[in-house]
Amino acid sequence: MRRAAPLSLALLPLLLLGSAACQSAQGGAGGAPAVAPPLTGRDDARGGADAEGADAADAVVRGQERAGSRAGAARIGDTVNFRGRELGRHLQAVLHAYVDPAVSAAREYAPAAGKRWVGAGMRFVNVGGASYGALGSMWAIDAEGVRHPSVPTGELTTGKPLPFDSLAVGEQAEGWVVFEIPENVRIVRLQYRDANMQANSGEGFWQV
């Protein structure tokens, strides 16, 4: 027994060091959870680039929508298609000419004092499979958004007035629609509407 004592004493420091190491490892495992490393500069830059790319894509889409709106706006010479509420009713309308001012062929006809006439040369064709019914009404819209209705004037120097009659299949009506406008008012659009058109279709406008 006396010979074993020196060996036990020699091993004691090693046992103490091993115990301390185990306690340190257990404390590290049971302590606070590991904290995620901070984002690097490259990740931040990539996030900024993604955000900028998304903004650029949105800008492109908005630009395309504006361009499509301008490209789709009807102007003089353009055909506008109307869809009727009832199946088979389809009407095509063309603004083929616009004059400002419009002048009556008869000297006794003239606009009221302080006003002028503007004229729209229109052509309507029934391209559907059923009678379209009576043509509707037209307005001239000024820069302030005020609508000015058409007025009867008789024949103009540019041609006869448009007959607002019903159109059978394949028939067409052509003539001039006249609006009486104050002298200092600028007309920017023309509008056509009738009782056969689908509500809120967004059709029937020409820029002038």
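Basis for what follows: all heavy atoms, side chains included, without hydrogens, waters or symmetry-related copies.
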Sub-3.5 Å donor-acceptor pair from the side chain of [X] to the main-chain atoms of [Y], do we have one?
{"X": "R123", "Y": "L95", "answer": "no"}
{"X": "D142", "Y": "V185", "answer": "no"}
{"X": "R85", "Y": "A195", "answer": "yes"}
{"X": "N196", "Y": "G84", "answer": "no"}
{"X": "Q92", "Y": "T79", "answer": "no"}

R147 meets the side chain to side chain donor-acceptor pair (under 3.5 Å) criterion, sequence neighbours left out, with Q191

Side chain to side chain contact (heavy atoms under 4.5 Å, CB included) filter on S150, not counting sequence neighbours, yields V177, F179

For the hydrophobic clusters of this structure (ILVMFWY residues joined by side-chain heavy atoms under 4.5 Å, transitively), does one cluster hold both [X] and [Y]?
{"X": "I181", "Y": "Y192", "value": "yes"}
{"X": "W139", "Y": "V118", "value": "no"}
{"X": "L162", "Y": "V103", "value": "no"}
{"X": "L135", "Y": "V125", "value": "no"}

Could you pull out the closest heavy-atom pair between [X] and [Y], with the gap in Å?
{"X": "D100", "Y": "R116", "answer": "OD1-NE, 2.8 Å"}
{"X": "A74", "Y": "V80", "answer": "CB-CG2, 3.6 Å"}
{"X": "S104", "Y": "Y109", "answer": "OG-CB, 3.3 Å"}
{"X": "M138", "Y": "L190", "answer": "CE-CB, 4.3 Å"}
{"X": "L91", "Y": "F124", "answer": "CD2-CD2, 3.8 Å"}
{"X": "E171", "Y": "S166", "answer": "OE1-O, 4.1 Å"}

Is it the case that atom CD in E183 sees more than 12 heavy atoms from other parts of the structure closer than 6.0 Å? yes

Check: F82 ring centroid to Y132 ring centroid under 6.0 Å: no

Checklist entry - Which class fits the ring pair W176 and H96: parallel under 30°, tilted 30 to 60°, perpendicular over 60°? => result perpendicular

Exercise for review: Give the intermediate values and the outcome of side-chain contact (heavy atoms from CB on, under 4.5 Å) for residues I76 and W206.
Suggested key: CA-CA 7 Å; I76 298 174; W206 291 265; over 6 Å; no

